[in-house]
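Notes follow once the structure below has been shown.
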Amino acid sequence: MCVSFLSDDATGYGPVFEDQPVETIYPEESPEAKITMSCRARANPPATYQWRLNSQNIDLDGDNHYTLVGGDLVISNPIKNKHVGNYSCVATNDYGTVVSREAGVQFGYLDFFSSEEREAVHVKEGQGAVLLCAPPPHYPHELSFRWILNEFPIFITLDKRRFVSQTTGNLYISKVDSSDSGNYSCFVSSASIAKSVFSKFIPLVPLAERPIRKYPADIKVKFPDTYALVGQNVTIECFALGNPIPQIRWKKTNGELPSNHDVSMAGAHLHLYNVQYEDEGTYECEALNSKGKDWHRARVFVEAFPEWTESINSTEKDISSDYTMSCVASGKPKPHVQWLKNSYAVRELSHALFTLLSRDSGMYQCIAENRHGVIYANAELRVIACAPTFEHNPVKWRILGAKNGRVVIECKPKAAPKPSFSWSKGTELLFNSTRVLIWEDGSLEILNVTEADEGRYTCFAENNRGKANSTGSLSITEATKITLAPSNADVKVGESTHMQCAASHDSTLDITFVWTLDKGGARKHRLLIKNTQLKHSGRYTCTAQTPVDNVTASANLVVRGPPGSPGGVRVEEIRDKSVHLIWSRGTDNHSPISKYTIQCRDSFSQEDWRDATTSPPDVEGNAETATVVDLFPWTEYEFRVIATNTLGTGDPSSPSPKVTTLEAVPVVAPSDIGGGGGTSRELTITWTVGLPQYYYGRNFGYIVAFKPRDGYEWRKVTVADPEAKHYVHKDSSILASTEFEVKVKAFNSKGEGPYSLMAVIYSAQDVPSKAPTSVGARALSATEAIVWWLPVTQHTVEGYQVRYWRKAEDSETSSQRVVVSSRENQTRLDNMRPDSHYLIEVKAYNAAGYGPPSQHLQIYTKKAPPSRPPKIISKKLKGTSVNIAWEHVEPLANESTIDGYKVLYRQASKSTGMLFTTGKRYIDLPMHKDGDYIVEVRAYSEGGDGAVAQVRISGKTSIKYQHNTFTKMLNPIFGAVGRYHHLIQGSWPSICQTPYIIIPPEL
């Protein structure tokens, strides 16, 4: 029996970890006063466990904070300054010891924000604002940030104007407007400890400024140099203040942005997914608006966690044999590798060749570490020694050999150290010759066997621990021979073909036919290929095989089809509108190539490939170059080539490397020249922005030329922003509504293009010079009023703005506004406060701005309507009607006097019905038989309608009212109405379609 120098039990093995400790963050406020570090190892015999803290053994018996449960370490009532550190588990049995990976224990916390009041932030409208979060002390460092507006849980919505940095937590508003007014609080969450806190509110006060000034882009959120690990996802931030709101653009200065990138948060976030080494480089974010641009650059460094490229595995080796243990790790920075044997450090073993001794048995670990992490590889080395034995692997008792063939009889006893071998046939000892060879591993090889070689063969094995032998019998069979070989075939794609194969063999053996093409196969003597494709071309081999021998025969199948894709497409001789293309011809698939098609794709067309124009127009099948023409200057292109023959068109080549054509002078003039309007003493000129493919070069912009209609000298200005759509010329000498001729042309770093067609526009009008007169107003209720005025007679007026505010309580800047067109000379004011003193002013306006205001008009809103609903005190049936009665509503001191009551009578499923008014405290209503009805009662006053009381009325039977019955029932009511103004007119059907009916209070 073979034995290990650690144990005689052949079924035993050393510890193998199935569960190891992991990084743990223990919340300081955790209600569970314990930490559990997991450890479990599979082992035979079972492992015993020990734990280490910062590489020192833990005294499990002497510290009542620690308890061992199986292999798990439980820390009860953990103490921060005592139990923080790196823990590892040690598992041991008779075969050796292994140590787990280290796992840290840290205490997590997120303190509350300071209770000190935050100062208000005052910002002019149009300027940018930054609200500082200043998160409280915390661990771990990873937090998420949101901002509350006025009250929890109302969180602000992030868009191109507002951004929250997930690095600092600060809130950035690129351009403040009046809607941003409010109280802001920074809301901080730590996912690791499941805790959130929020700051004291910060008031943000936008200050009105007219006109609102514009500011160039100013980057305030700047991403730092960033380290990323291969395979990780990384997000970098960039955000700018400015008016107009800046646009954020990203680029990589030493190449294109990675294909696995994404941009979100209106450009403020650049995400790099599954980062690779080639993604390393300098990244730039550019913020741009019509007033200017700003940019920021920083590097992204790509490094890697350690990873095994060569590792160790458990193995069993003979004593005195040579053995090499090797561990190689990749990573960036390059990992340092150290070795452990039975949990203790040993000398460097990587690539070390040594002769095994009994003491080399044990559990080995190699550990690779860089600043990003640690990886472990574990293996058991078992050194064994035993005399030769054939108990588990004797010589095969019956061996078959084909006549004139080759026979190998294996001899593989278990032995350590390696034994020496000898063979005999019967009683004859065999020696190496030209026909007989004893291999180093003990196998016996006999060549050109005949019937004379039949007999019993014995293998002898011997080492310093003993000897053994095993015997088998050799029999010779007839050889297998091919009698029908397959023939070559030639077909087109889509056709079918077949190949045949036959062989003779020993009648005592079974025969099998195997067809192979490369590594594929089929098990039939006749091979049928249907709907042949190009991939079916090749050399087919038929193998006739028995358990003893095999023979082969081959034939070629030629499948003709469309050409393969060309290769090596590259670009040379790049010009502004053309390039010279070179490629290597692909396979013609047994049919000559007749022509090539060149396709191109530019950076503006995304995934759309189109046929390119070439010179000459037709590219012959023997060509390997072509000139592509009619390209856009200063545009990024990639190209591909497609071959065609008489059997069809092949697949396209891989795209060429991307190239950019040279710059050229613009040739396309801006279109849709127009303008006019704007504020007083301004000339506004507009045009349609040119498409980027027509820029033709860097530093693209516009030259705007204009002059009075009767003038001679053109005035020219340069607009450097390629996305600018207008230019506003301010000049105090410009008269209102003056006729100008304007034209626009494009330019870039190579020169100026042609002017557009000339257009005629007018300078801005003057603002209205007169204020509306005869302004009057009247309160309609506690919350509404109506205001009217005499129109301003100037023809340039486009509308009117009405402002109103409480005289004592409100500031004029916080006034409410209503805007109406010039066709109106009155409007309703709503959302007013009850019983309040209001000031009202009216202004005329046009595109140039607002005219002077009218004199302030003063009105008082009515007192508030009753706030208390009537109390329903009875509901009585009276024949075919129901009587509803209620108590009188007494208004409060600050409420309007009650004028009467309104009663709405409607079906329960509808919101409309018949509305009655009355000065009494009861009403009789017709009793319906067809379902549930709701009666709503409320007091009304000059201040409006008061609170409502409801009562439900249910029908008793299924009898429906007929038309005449209902008419007779309402006659007494409508007879009384005849003494007053008829509020309802028309026939009965029109009354049925009316949402409600008003009955005067005298009824």
Side-chain angles (χ1 to χ4, degrees), residues 247-252 255-264 266-267 270-274 278 562-586 593-619 621 623-645 648-664 666-672 688-698 700 722-723 746 748:
Q247 179 183 0
I248 305 294
R249 298 174 179 171
W250 292 90
K251 64 181 178 181
K252 188 167 183 260
E256 296 180 0
L257 285 173
S259 59
N260 54 343
H261 84 278
D262 186 30
V263 176
S264 67
L270 174 65
H271 307 279
L272 304 179
Y273 298 107
N274 188 24
E278 56 267 25
S565 57
V569 181
R570 64 189 189 276
V571 180
E572 295 184 351
E573 298 179 23
I574 302 170
R575 297 186 174 87
D576 57 352
K577 296 182 181 180
S578 66
V579 298
H580 191 64
L581 210 61
I582 300 175
W583 65 88
S584 302
R585 60 187 295 114
I593 296 171
S594 56
K595 70 169 185 175
Y596 286 100
T597 301
I598 313 299
Q599 292 188 326
C600 65
R601 177 173 63 182
D602 60 45
S603 55
F604 306 107
S605 59
Q606 303 299 326
E607 299 299 322
D608 296 331
W609 289 93
R610 60 179 177 86
D611 290 349
T613 304
T614 59
S615 178
D618 298 322
V619 183
E624 293 188 10
T625 67
T627 299
V628 182
V629 297
D630 296 342
L631 301 175
F632 285 105
W634 200 59
T635 300
E636 185 180 73
Y637 284 96
E638 52 187 338
F639 302 88
R640 68 183 187 184
V641 183
I642 304 173
T644 301
N645 63 17
T649 298
D651 294 329
S653 68
S654 297
S656 69
K658 294 180 179 179
V659 297
T660 301
T661 50
L662 301 181
E663 297 176 274
V667 298
V668 178
S671 61
D672 300 327
T688 297
V689 173
L691 297 175
Q693 54 261 50
Y694 294 109
Y695 288 0
Y696 282 20
R698 70 190 74 236
F700 182 85
E723 296 187 4
N748 62 19

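One-based numbering along the sequence shown.
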For this session: Determine whether Tyr637 and Leu631 make a side-chain contact, defined as any pair of heavy atoms from C-beta on separated by less than 4.5 Å.
Result: yes
For this session: Would you indicate whether the side-chain heavy atoms of Leu270 and His261 approach each other to under 4.5 Å?
Result: yes
Exercise. Is there any side chain to side chain donor-acceptor pair (under 3.5 Å) pair reaching into residues 569-583, and which pairs are they, with sequence neighbours excluded?
Worked result: His580-Thr627
Exercise. Would a 4.5 Å heavy-atom cut-off, applied to side chains only, mark Glu663 and Pro633 as touching?
Worked result: no
Problem set entry | N/O donor-acceptor pair under 3.5 Å between Ser653 side chain and Val641 backbone | yes
Exercise. Between Tyr696 and Pro666, what is the shortest heavy-atom contact and its length?
Worked result: CD2-CA, 3.8 Å
Exercise. Does Arg585 reach the side chain of Ile593, with side-chain heavy atoms less than 4.5 Å apart?
Worked result: yes
Problem set entry | Gap between atom CG of Asp262 and atom CH2 of Trp250 - 0.5 Å precision | 12.5 Å
Exercise. Do Ser656 side-chain atoms and Val569 backbone N/O form a donor-acceptor pair below 3.5 Å?
Worked result: no
Exercise. For Asn748 and Tyr695, what are the C-alpha separation, side-chain angles and deciding distance, and is it a side chain to side chain contact (heavy atoms under 4.5 Å, CB included)?
Worked result: CA-CA 7 Å; Asn748 62 19; Tyr695 288 0; 5.8 Å; no
Exercise. Of the non-hydrogen atoms in Trp609 and Glu638, which two are nearest, and what is the gap between them?
Worked result: CZ3-O, 3.5 Å
Exercise. CD1 of Ile574 to OG1 of Thr661: how many Å apart, nearest 0.5 Å?
Worked result: 8.5 Å
